[in-house]
Amino acid sequence: MFNRSRCLTPPVVTVFIVLFAITPGAQPSWVDAYREPSAKLIAESMSSRFAWERLALLGDTFGNRLSGSQNLEDAIDWAVAEMKKDGLENVRKEPVKVPHWVRGMESVEIVSPGRHPLVMLGLGNSVGTPPEGVEADLLVVRSFQELDTAGDRVRGKIVLFNVPFTTYGETVQYRASGPSRAAALGAAAMLVRSVGPAGLRTPHTGSLRYADDQPRIPAAAITAEDADRLQRMQNRGTVVRLRLKMEAKFLPDAQSYNVIGEIRGSERPEEVVVLGGHFDSWDVGTGSTDDGGGCVVTWEAMRLMKRLNLRPKRTVRVVLWTNEENGLRGGLAYLEKYKPQIDNHVLMLESDGGVMSPRGFGFSGSDTARSTVMQIASLLREIRVDRIGPSGGGADIGPTVEAGRIPAMSLDDDGNYFLVHHTPADTVDKIDPESMSRASAAIAVIAYVIADMPERLR
Ligand SMILES: [Zn+2]
């Protein structure tokens with residue numbers, strides 16, 4: 001077919017036909033030079049379950065990985081050894097002092113009318129209760145406005161914020177600021193309806209943020225089902241009395257580490273494309289969705305390049321940050337250490353929104369950089385990870401991105417991340433192997449092309 005058309009058409013026209021055959025409807029561009037390595041990265045990733053198997057191994061072996069725990073440090077040492085086995089370069093641990101909060105035993109129960117235990121999880125960084133617990137009448141409110149309207153009726157009560165989940169950004173404020181807002185009016189303790197879509201009576205933990213000028217009261221999450229039950233009881237005029245017991249406390253700061261591995265650039269090694277996720281998790285489940293999966297797919301992007309002997313002109317660096325969940329000290333330590341080289345950061349990409357159903361990337365940067373990224377994303381059409389959203393970033397890359405005004409990306413995922421994150425149900429079975437292979441391939445292509453293309457992304 002090709003030979004026959006060449007016989008019948010002048011050579012210049014043939015070249016045009018060939019290029020159009022490769023990219024139907026598009027003008028030939030610099031991106032065409034990356035079709036072959038991209039196809040190889042995609043084929044390599046899609047041909048195995050390596051990423052999923054690695055995530056399963058991480059969760060099955062080390063379990064959850066809260067800052068200060070032995071689990072986290074053992075997992076960090078394992079990651080270092082595995083990265084070396086993958087052939088990554090300059091594999092290292094960079095020290096970070098992290099807060100060491102421990103949950104201890106905890107419970108909440110209705111003590112009147114009748115005795116009924118509720119399912120709960122204390123909020124990260126909460127203070128504990130006295131050993132006998134805090135026993136008080138319940139006051140349910142559906143907003144900060146309802147709390148403020150209640151005024152004097154808040155004093156001495158256990159306040160429950162019963163706010164159904166809309167978006168994480170909107171609903172999380174009740175978990176983060178609720179304890180101090182309630183304490184400001186004299187509440188004895190705070191409960192929050194779990195920040196996530198209603199699941200199967202599963203509580204979600206997460207961190208709170210005490211205001212400096214308010215008393216610190218113990219705080220915990222209960223399930224959507226129990227929050228609705230308490231709301232119904234209050235609406236009927238029932239006086240509900242609760243007892244909350246929490247042993248939560250801080251121990252002295254602990255030693256932890258960011259884990260780093262690289263593929264050094266062949267021509268401009270000082271210029272760096274950074275990928276990563278956070279390796280710590282809450283102390284329930286196995287932190288497979290939040291954020292073991294994000295760590296493994298960014299790490300996998302490096303392994304795929306290495307396996308195919310693809311060494312880009314610039315350096316690609318994977319960072320598994322420590323302590324995102326209850327301190328962000330890993331992300332802050334990275335900025336501190338790399339501040340002198342901040343201008344050499346070409347792009348930072350974080351995956352911390354799940355790897356259940358990858359659809360593309362969020363991007364924040366200049367319009368020129370956006371159009372470059374969109375051209376690169378066209379290489380990901382066949383694996384359906386080619387959508388480029390209006391903004392990208394991540395908690396761990398945030399401090400460095402902001403300080404250096406660095407283009408930032410995040411993996412965008414359509415899966416039900418908030419249903420399982422911060423819960424005992426955050427385990428690897430919620431994630432399918434093909435999704436992880438698609439995510440890994442997409443990150444590998446984005447990272448490889450941006451690290452290798454002739455002009456720096458600006
Ligand atoms: Zn996370």
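Each ligand, and each atom within it, is numbered from 1 in the order the structure gives.
In summary, Asp352 places an N/O/S atom under 2.8 Å from the Zn ion (ligand 1), meeting the contact criterion. Distances from the Zn ion (ligand 1) show that His278 has an N/O/S atom below 2.8 Å.
Lys313 and Glu271 are not joined by a salt bridge, as no carboxylate oxygen comes within less than 4.0 angstrom of a charged side-chain nitrogen. At a threshold of 4.0 Å, the pair Glu94-Arg92 counts as salt-bridged, since one of the basic side-chain nitrogens sits closer than that to a carboxylate oxygen. Between Asp86 and Arg307 no salt bridge is recorded (no basic side-chain N to carboxylate O distance below 4.0 Å).
Here the N, O or S atom of Asp290 that is nearest to the Zn ion (ligand 1) is OD1.
Between Trp78 and Phe62, the ring center distance clears the sub-6.0 Å criterion.
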